[in-house]
Colleague: 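Here it is, the structure, as structure tokens.
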Amino acid sequence: MTTSHYIAGHWVEGQGSDCISVNDPALGQPFAELMAASVSQVDQAVAAARSALPAWKSTGASERAAFLRGFAEQLGQRREALVTLQMRNNGKPRHEAEIDLDDAIATFGYYAGLAEQLPSKNRTVPLAAPGFTARTRLEPVGVVGLIVPWNFPLVTSAWKLAPALAAGCTVVLKPSEVTPLIEQAYGQIADALGLPAGVLNIVNGKAETGAALSNHNGLDKLSFTGSNSVGSQVMRSASAQCRPVTLELGGKSAIVVFDDCDVDQAVEWIVAGISWNAGQMCSATSRLLVQDGIADALLPRLQAALENLRVGNPLTEEVDMGPLTSQAQWLKVASYFATAREEGLQCLAGGHALDREGWFVSPTLYTDVPKDSRLWTEEIFGPVLCARRFASEEQAIAEANDSRFGLVATVCSADLERAERVADALEVGHVWINSVQAVFVETSWGGTKGSGIGRELGPWGLSAYQSVKHVTRCLG
Ligand code: NAD
């Protein structure tokens with residue numbers, strides 16, 4: 001049993017009614033347990049964040065930046081433990097767990113830099129009218145609730161925590177019940193750095209704990225990353241209180257492959273877009289649009305590449321892809337395999353769970369999937385790729401945009417003018433051209449349409465935790 005809630009600078013045991021099992025998905029077995037935080041512990045965490053706010057928002061930006069650099073440094077010092085825990089609890093291959101850690105480190109470093117620049121942003125506004133002066137103040141939004149999912153626990157939390165702390169907000173973070181141990185590192189680091197008590201609070205739990213936080217009337221803002229179904233509940237709570245909300249939700253993203261591509265290179269990008277984190281990515285490019293002229297050459301090579309992926313336990317084998325992270329996710333993906341069979345989809349690779357212990361599925365490819373198939377329209381969140389062919393650029397753009405989601409897309413073409421033109425036409429928040437999904441902290445993250453509201457990363461990620469104030473003075 002683990003003590004895992006960090007409230008007002010103290011580690012405390014959960015007093016909620018839910019017992020949370022922390023599982024090793026490669027074995028399908030628990031390796032730790034903890035009790036969820038109770039509703040009154042969520043109250044205590046929000047109260048601690050509220051009382052820490054006046055002092056924290058008055059600290060100099062350079063002092064906050066020093067704490068953020070401390071987070072980056074201390075994450076690096078915990079590298080082996082954090083990489084291993086992600087491998088064990090998420091089922092991530094080692095190289096992916098390392099990239100996640102590096103991403104979190106880079107995020108804290110980047111927002112330390114933006115924090116240092118904050119004083120220069122509070123400047124005089126040039127006015128056309130005589131007789132007045134005006135100045136801008138970028139103030140912290142206040143006490144923020146952060147609710148995150150399990151697929152990139154270190155990263156998603158860093159993308160919220162670092163800008164929130166940089167802006168001068170105080171925070172209550174609720175990690176996912178599937179991966180509740182990983183973000184404890186942030187509490188331990190806060191302790192090690194002497195971050196003032198209450199600036200960062202962490203409460204663990206399931207839906208009840210999340211709802212207690214998102215419904216709490218002591219928050220000034222809530223930032224949520226997760227599913228559309230929970231996101232809409234979070235938005236209802238925010239609307240009931242007329243409170244700002246950031247939502248980073250699901251996706252059903254397209255990868256568009258034109259027939260002037262190098263086939264092997266395109267296969268590499270396609271496979272990465274669906275097998276990274278076993279396809280459990282909001283940004284998985286799970287809809288492949290392949291041009292007629294290249295489809296017959298590409299699909300067999302794609303099939304072979306997916307079948308050749310080494311799938312196994314990242315802690316004991318050299319693998320390209322681990323298990324799905326939870327049994328619930330495994331059952332959900334299996335239900336899509338059943339739907340595909342019912343719909344009579346043509347399966348070129350996989351299409352089944354693996355016959356071994358743990359929550360493994362095979363990398364899967366369905367071809368000529370009808371546009372109204374549930375597998376084409378719904379987020380599956382597993383290594384399940386659906387393909388369709390297209391004839392023209394216009395058709396590719398129309399089919400890629402024909403989705404209720406709009407998170408990301410990838411365009412593969414040797415004709416860079418065309419690739420840029422298609423990128424401009426896609427209704428999404430981020431497009432990669434001839435690339436794997438490289439995410440840089442300086443560029444934004446977030447979606448259009450059903451993929452969410454707001455942006456993380458870059459200066460936009462900081463603005464999400466700032467309120468703009470102007471002070472106008474009459475000179476007369
Ligand atoms: P989820 O919505 O089930 O859970 C997300 C978080 O919300 C968890 O911490 C959970 O405990 C909490 N929660 C559950 N019920 C709640 C309630 N009623 N009120 C408040 N909080 C509640 O999502 P998940 O299964 O953890 O994650 C997968 C989803 O997250 C996918 O849809 C994926 O696309 C999305 N995601 C989006 C992004 C992005 O940046 N757009 C990034 C990662 C994941």
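In this text, all values refer to a predicted model and were calculated from it rather than measured experimentally. Order of appearance sets the numbers: ligands from 1, and atoms from 1 within every ligand.
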Colleague: For ligand 1, which atoms have a heavy atom of N151 less than 4.0 angstrom away?
Modeller: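 Counting from 1, the qualifying ligand atoms are 43 (C), 44 (C).
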Colleague: Atom 13 (N) of ligand 1: protein heavy atom closer than 4.0 Å?
Modeller: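 True for atom 13 (N) of ligand 1.
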Colleague: List ligand 1 atoms under 4.0 Å from W150, heavy atoms only on the residue side.
Modeller: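 Taking each heavy atom of W150 in turn, ligand 1 has 24 (P), 25 (O), 26 (O), 27 (O) under 4.0 Å.
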Colleague: Taking the minimum heavy-atom distance to atom 39 (C) of ligand 1, which of S326, C282, G231, G446 ranks first?
Modeller: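 Ranked by closest heavy atom to atom 39 (C) of ligand 1, first place is C282.
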Colleague: Checking the N or O distance criterion of under 3.5 Å, is ligand 1 in contact with V148?
Modeller: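 There is such a contact, yes.
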Colleague: Partners of S176 by side-chain hydrogen bond (donor to acceptor under 3.5 Å, both in side chains), sequence neighbours excluded?
Modeller: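 Not a single residue meets the side-chain hydrogen bond (donor to acceptor under 3.5 Å, both in side chains) criterion with S176.
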Colleague: So, N228 versus S232: side-chain donor-acceptor pair below 3.5 Å or not?
Modeller: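 Absent: no donor and acceptor within the cut-off.
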Colleague: With atoms numbered from 1 as shown, which atoms in ligand 1 lie under 4.0 angstrom from a non-hydrogen atom of F381?
Modeller: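 Near F381, meaning under 4.0 Å from one of its heavy atoms, ligand 1 has 28 (C), 31 (C), 33 (C), 34 (O).
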Colleague: If you count the atoms of ligand 1 from 1 in the order shown, which ones are under 4.0 Å from a heavy atom of W445?
Modeller: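 Answer, ordered by atom number: 39 (C), 40 (O).
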Colleague: Is the NZ or CZ atom of K174 both under 6.0 Å from the centre of the six-membered ring of F224 and within 45° of that ring's axis?
Modeller: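 No; the conditions do not both hold, so K174 does not lie above the ring face of F224.
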Colleague: Under 30°, 30 to 60°, or over 60°: which ring-plane class applies to Y186 and F108, parallel, tilted or perpendicular?
Modeller: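 Y186 and F108: tilted rings.
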Colleague: Judged by modelled atom types alone, do K160 and T246 share a side-chain donor-acceptor pair under 3.5 Å?
Modeller: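 T246 and K160 do not have a side-chain donor-acceptor pair below 3.5 Å.
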Colleague: Of all the atoms in ligand 1, which lie at a distance below 4.0 Å from a heavy atom belonging to P175?
Modeller: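 Counting from 1, the qualifying ligand atoms are 9 (O).
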